[in-house]
Amino acid sequence: MTQRKEPFEPLVPGQVRMYACGVTVYDLCHLGHARQALIFDVIRRYLEYKGYHVTYVRNFTDVDDKIINRAKELGRRWDEVAKGYIEEYYRDMDRLGIRRATIEPKATEHIPEMIGIIKALLEKGYAYQINGDVYYEVQRFPEYGKLSGRKAEQMLAGARIEIDPRKKNPLDFALWKRSKEGEPAWESPWGPGRPGWHIECSAMSMKYLGESFDIHGGGADLIFPHHENEIAQSESCTGKPFARYWIHNGFVSINQEKMSKSLGNFFTIQEVLDRYRPEAVKLFLLSAHYRGPLDFSDDRLEEAKKALDRFVTAFEAIEALNALPPRSGGDALYDHMVSKGREAEEQFQAAMDDDFNTAAALGVLFGFLREVNLVRSEVERNITAGGRSALHIARDRINRLGGVLGLFEQPSLRPGEADLKGRLVELLLDLRAQARSKKDWATADAIRERLNSLGIEVEDTPQGSRWHWRR
RNA sequence: GGCGGCGUAGCCAAGGGGUUAAGGCAGAGGUCUGCAAAACCUUUAUUCCCCGGUUCGAAUCCGGGCGCCGCCUCCA
């Protein structure tokens, strides 16, 4: 509200109540939606890491013009279209490893609450009805524009909105829309209709979080008018301050242009995930501060993938050390790693405390990884019990902190690695076939024995060798 | 026209009045290796778009330019 960073103090000590505007389910989600969802997921995870009890509400807008239009295009029922895209949404978020919110309400399931607020606004004189439509009267709320830093007069000057002559003021917005034939409709004191877009978030956030709560947010494009309108209708209804802190994320762009449906320059989450691991996509999305723009390109994703592999290879190498028996000693290494780890965790917290600076936090993790690799190369030369524990504890810390960013939670197998095993066996069998053709039985038998000891049985047949995992 | 944001190495990106200007990618050198690849280590900005000002001191604050982007209509 002050347009700057503010120290965070929740309304109720130890508890955080946050609301993020979710998606309108009329199409597949693109990378921009992924960024928004991830950022709020990370904020939630970090607050939990800090020991807060977090109630996180994220809604679905499941009735709206765009859904109705989409249904017409597809020749399906509007509610089926919404339901289908909610399923797609969950599929995308699950693949990305973005946690479900505490409560995920749908607009259509909260019509009575919305009607309640509209009624109250009419009674208090903040709204007026025309012919089955109900509008909020912006001029009755002097603070209108306080979030976006605009004044009502300014907005009129350059307005490019079409003016509805029935409205008292062009800025007035619909709380309730009368339904046309064939459109979804709910009974109301003003006749059959459906809610305006802004009212749903007021109704659902206040229902689950109370009339005043801590954090509200969404994409930067929602600042005006959506969030401005939410504030107006909520505060004039309750007479209390609405959300205390506002968090708005920047856009994902392509060639410096906002990724959007209208420009057609978007990539769906599914398209991106077909080509890149979820963890790499997340690393990319967190590599810039959430408020700034983030330009998408294959080069950036490739970089993120390689950067992520630094962690993956280190984890794998640390794991591999377990197979070998350690010597005693290495206590100094252990102490060193613990203190470096503590230092890193403090720096990580400092970065996240500063307006959730994930890019800086990631930098801390990479810096710590270097320390870990230094120790690792020493332990690889001389495996000691202390050295190995040092690496384990460091790996656990990286995992834990990475987990706050939603990273390192998924199996570290690189894509194709599972079937890579099969291809490696085939490769060995090819070599073995060459050896057999030269009657190099020692080599051939050695390969068979070695594979056998790994649980792979090899059978020779007239058609060539076959292999299978021992059951 | 109004409101807001951004401009830091070859690229991406933190920082934000005075410690060595994080980190990633790419490049260079090295360790390892029969050679290679991979991996790891080291290294890479006397300088932060330009011009003025404030200050003992500015990339960081202020004023003015230039360039890019977003919002003001649905948009994460």
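The structure displayed is predicted, hence computed values, not measured ones. Convention: sequence-line order gives letters A, B, ...; per-chain numbering from 1.
- Annotation: B:A38 and B:U47 have their C1' atoms spaced 36 Å apart (nearest Å).
- Using a 4.0 Å heavy-atom distance criterion, A:F366 is classed as a sugar-phosphate-only contact.
- Using cut-offs of 30° and 60° for the angle between ring planes, the A:F408 and A:F315 rings count as perpendicular.
- Using N1 to N3 plus N6-O4 or O6-N4 for Watson-Crick, or N1-O2 and O6-N3 for G-U wobble, each under 3.5 Å, B:G18 pairs with B:C56.
- The two residues A:I269 and A:A34 have their closest heavy-atom pair at CD1-CB, 3.7 Å.
- Using a 4.0 Å heavy-atom cutoff across all strands shown, A:I39 reaches no nucleic acid atom at all.
- Across the C1' atoms, B:A14 and B:A59 are found 13 Å apart, a figure rounded to whole Å.
- In this structure, A:L222 atom CG and B:G70 atom P are separated by 16 Å, rounded to whole Å.
- In this entry B:G29 has B:C41 as its Watson-Crick or G-U wobble partner, both defining distances falling under 3.5 Å.
- When each of B:C74, B:A14, B:A76 is scored by its nearest atom to the side-chain atoms of A:W197, the top-ranked nucleotide is B:C74.
- Checking A:G367 against A:D354, the closest nucleotide of RNA chain B that is more toward the 5' end is the one next to A:D354.
- In the set B:C11, B:G70, B:A14, B:A14 carries the atom at the smallest distance from any side-chain atom of A:N357.
- Regarding contacts with the backbone of B:A26, a side-chain N or O of A:K306 is found under 4.0 angstrom from either OP1 or OP2.
- The nearest whole Å value for the distance from the CD1 atom in A:I67 to the C1' atom in B:C75 is 13 Å.
- Within 4.0 Å of A:N249, counting heavy atoms only, lies at least one base atom of the nucleic acid.
- If you check B:G67 for Watson-Crick or wobble pairing at under 3.5 angstrom, you find it paired to B:C6.
- Put simply, the side chain of A:K258 and the base of B:C75 share a donor and an acceptor less than 3.5 Å apart.
- Closest approach to the A:H33 side chain among B:A76, B:A13, B:C11 is made by B:A76 (side chain taken as heavy atoms from C-beta onward).
- For A:M259, the listed nucleotide lying nearest its side chain is B:A76; candidates were B:C74, B:A14, B:A76.
- Checking B:C72, B:A13, B:A76 against every side-chain atom of A:R150, the shortest atom distance belongs to B:C72.
- When each of A:S287 and A:L31 is assigned the nucleotide of RNA chain B with its nearest heavy atom, A:S287 is the one assigned upstream, toward the 5' end.
- In this entry the distance linking CD of A:E380 with P of B:A39 reads 14 Å, nearest Å.
- If you measure from atom CG of A:D309 to atom P of B:C25, you get 10 Å, rounded to the nearest angstrom.
- Side-chain atoms of A:R376 lie closest to B:A39 of the nucleotides B:C12, B:A39, B:A14.
- The separation between A:L263 atom CG and B:C69 atom C1' is 13 Å, rounded to whole Å.
- Pairing for B:G1 goes to B:C72, judged as Watson-Crick or G-U wobble with the two contacts each under 3.5 Å.
- Phosphate contact (OP1/OP2 of B:C40, side-chain N/O of A:T313, threshold under 4.0 Å): present.
- Residue-level contact check: A:R291 touches neither bases nor backbone, having no heavy atom under 4.0 Å from any strand.
- At the heavy-atom level, A:I223 lies nowhere under 4.0 Å from the strands shown.
- Side-chain proximity of A:N373 to the nucleotides B:C40, B:C74, B:A14 is greatest for B:C40.
- As judged by a 4.0 angstrom heavy-atom cut-off over every strand, A:V252 is placed among the base-contacting residues.
- Here B:G23 presents its P atom at 13 Å from CG of A:L362, a figure rounded to the nearest Å.
- The residue A:G32 sits close to a base: some heavy atom pair falls under 4.0 Å.
- Atom CG of A:N229 and atom P of B:C74 are 9 Å apart (whole Å).
- Note on A:A307: only backbone sugar-phosphate atoms sit closer than 4.0 angstrom, heavy atoms only; bases stay farther off.
- A:H226 comes within contact range of no nucleotide atom at all, as no heavy-atom separation falls under 4.0 Å.
- Between A:K306 and A:E303 no salt bridge is recorded (no basic side-chain N to carboxylate O distance below 4.0 Å).
- Nucleic acid contact class of A:G250 (heavy atoms, under 4.0 Å, all strands): base.
- Results of the side chain to side chain contact (heavy atoms under 4.5 Å, CB included) test with A:F242 over A:E230, A:Q233, A:H227 single out A:E230 as the only residue that passes.
- Across all non-hydrogen atoms, the minimal contact from A:S179 to A:P184 is OG-O, 2.9 Å.
- If you take atom P in B:A26 and the same atom in B:C40, they sit 11 Å apart, rounded to whole Å.
- Distances from the side chain of A:Q36 to the nucleotides B:G24, B:A76, B:C11 place B:A76 closest.
- For A:R400, the CZ atom sits in a packed shell: over 12 heavy atoms of surrounding residues, nucleotides or ligands are nearer than 6.0 Å.
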Task: Trace of the salt bridge (charged side-chain N to carboxylate O under 4.0 Å, His left out) decision for A:E88 with A:R91 - done: CA-CA 5 Å; A:E88 294 286 356; A:R91 203 186 338 257; 3.3 Å; yes
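- OP1 or OP2 of B:U42 sits under 4.0 Å from a side-chain N or O of A:R370.
- With hydrogens and angles ignored, the 3.5 Å screen pairs no side-chain donor or acceptor of A:D41 with any backbone N or O of A:G406.
- Atom CG in A:L301 sits about 18 Å away from atom P in B:G24, given to the nearest Å.
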